[in-house]
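Working notes, beginning with the structure itself.
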Amino acid sequence: MDKFPAFLLLPFLCFFHSLFLSDADVTGNSSDPGLTLSAESLCAQLIEPNGYFCTEHTVQTKDGYLLALQRISSPSGDLKVQQGHPVLLQHGLFMAGDAWFLDSTEQSLGFILADQGFDVWVGNVRGTRWSHGHISLLDTDKEFWEWSWQELALYDLAEMLHYIHAITSSKIFIVGHSQGTIMSLAALTQPDIVEMVEAAALLSPISYLEHVSAPLVLRMVAMHLDQMVLALGLHQLNFRSDVLVNLVDSLCDDHVDCTDFLSSITGQNCCFNKTRMNFYLEYEPHPSSVKNLRHLFQMIRQGTFSQYDYGILKNLLIYGQFKPPAFDLSSIPKSLPMWMSFGGNDALADATDVQRTLEELSSKPELLYLDNYGHIDFLLSVQANRDIYDHMIGFFRGGKLG
């Protein structure tokens with residue numbers, strides 16, 4: 001069996017992939033206690049070199065994680081004057097805020113929204129390269145990685161929204177991709193969070209994963225990859241380590257054809273620019289936790305959109321019931337405007353699962369279906385500007401595009 005090429009790991013990080021944490025203290029002095037400065041920041045690395053104004057901010061979660069937020073405006077704008085409506089971009093699994101800026105200024109959603117006059121804020125969840133660790137834990141501590149997307153939704157996303165709301169005195173547009181949509185949908189079921197949100201736009205929307213069809217993902221679930229890595233004593237995922245690369249490589253046997261590794265993870269992508277893979281890998285992937293992977297696998301195995309399942313006894317202790325509480329999509333206010341875009345070739349955000357999400361919502365979101373789009377296309381398609389983003393911007397501005 002041939003080993004899969006290492007450079008093809010980028011698609012994997014869009015859903016089940018991770019790397020080492022390059023973490024540094026980047027706190028600077030400022031009259032704004034949330035403002036941070038660093039030559040190694042996302043602003044300095046990707047935003048400012050393209051001529052855009054950018055400031056770094058730090059947000060502390062209730063459980064002590066220090067998250068990075070970036071605020072961006074176009075070269076024709078000025079962060080010191082009143083911006084347009086605030087919009088928060090929330091990245092997917094094993095990615096970070098750089099995901100919105102990896103292509104040209106005409107193709108990357110972060111740049112496009114800034115050029116359209118929006119007050120762009122970029123979220124980075126705990127453990128990612130651009131965020132700043134924890135007030136007391138090191139990333140080598142087991143406890144540092146004791147979280148899943150549940151905490152990312154209820155703590156990380158919640159605190160980022162609180163911070164932006166306090167700075168701008170305005171409700172916020174949310175844009176999420178992949179796990180960023182899981183976080184968004186879970187958070188929007190909470191009254192204290194949804195009251196800060198003006199509207200939500202979801203790319204490859206996920207609340208259920210029961211109909212995932214990606215062959216390698218299904219193989220990982222069937223082989224209990226989550227339990228295997230726990231047995232190795234791992235709590236942070238690093239698929240560039242020899243141990244885990246070989247572990248995933250062992251799954252690419254006669255049962256799964258990994259010749260096209262991209263398609264085996266995400267489905268067939270129509271418009272992803274593979275020639276930029278080496279550039280993407282300069283920034284990706286970012287870390288996540290084994291517990292997060294286990295939570296996602298629970299969604300696939302159980303067909304649920306619920307809090308983390310600890311097992312009957314611990315569920316009783318933590319939740320007071322045998323099964324973890326579900327996130328009730330019907331509790332998202334009917335008055336909240338929502339927009340969703342999904343694809344016929346997406347093997348992760350399957351159209352059947354999207355339909356289940358739509359049936360459980362009280363509202364009727366605006367929909368944009370693209371038959372030839374796969375999971376990565378919604379973030380990195382060279383045609384996404386005209387195929388997707390023009391429609392999204394029209395939604396935010398209250399209009400409808402034909």
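None of these values were measured; they are calculated from a predicted model.
When ring centroids are compared, F327 and W149 come within the 6.0 Å threshold. If you look at Y369 and Y373, their ring centroids are not closer than 6.0 Å. Ring-centre distance between F378 and H177: not below the 6.0 Å cut-off.
If you check the side chains of S148 and H295, you find a donor sitting under 3.5 Å from an acceptor. Side-chain N/O atoms of N292 and Q179 include a donor and acceptor closer than 3.5 Å. In this model, a donor atom of one side chain and an acceptor atom of the other lie less than 3.5 Å apart for N124 and Q70. Under 3.5 Å, the side chains of Y208 and D350 contain no donor-acceptor pair of N or O atoms. Side chain to side chain, N269 and T266 meet the donor-acceptor criterion of an N or O pair below 3.5 Å.
In terms of modelled atom types and a separation under 3.5 Å, the side chain of D103 and the main chain of S108 share no donor-acceptor contact. Distance alone, capped at 3.5 Å, places no donor-acceptor pair between the W147 side chain and the K291 backbone. E56 places a side-chain N or O within donor-acceptor distance of the main-chain N or O of C43, the cut-off being under 3.5 Å. The backbone N or O of T128 sits nowhere less than 3.5 Å from a side-chain atom of S131 that would complete a donor-acceptor pair.
Ring geometry for Y310 against Y308 counts as perpendicular: the plane angle is over 60°, on a 0 to 90° scale with 30° as the lower cut. Relative ring orientation between Y65 and H134 is described as perpendicular, the plane-to-plane angle rising above 60° on a 0-90° scale split at 30° and 60°. Between W121 and Y163, the two ring planes are perpendicular [angle over 60°; tilted spans 30° to 60°].
Results of the ring-ring contact (aromatic ring centres under 6.0 Å, His included) test with F101 over F279, Y52, F111, Y280 single out F111 as the only residue that passes.
A salt bridge links R301 with D226: the distance from a Lys NZ or Arg NE/NH1/NH2 to an Asp or Glu carboxylate oxygen falls below 4.0 Å. Salt bridge present: R356 and E360 bring a charged side-chain N and a carboxylate O closer than 4.0 Å. Salt bridge absent: D98 and R129 never bring a charged side-chain N and a carboxylate O closer than 4.0 Å.
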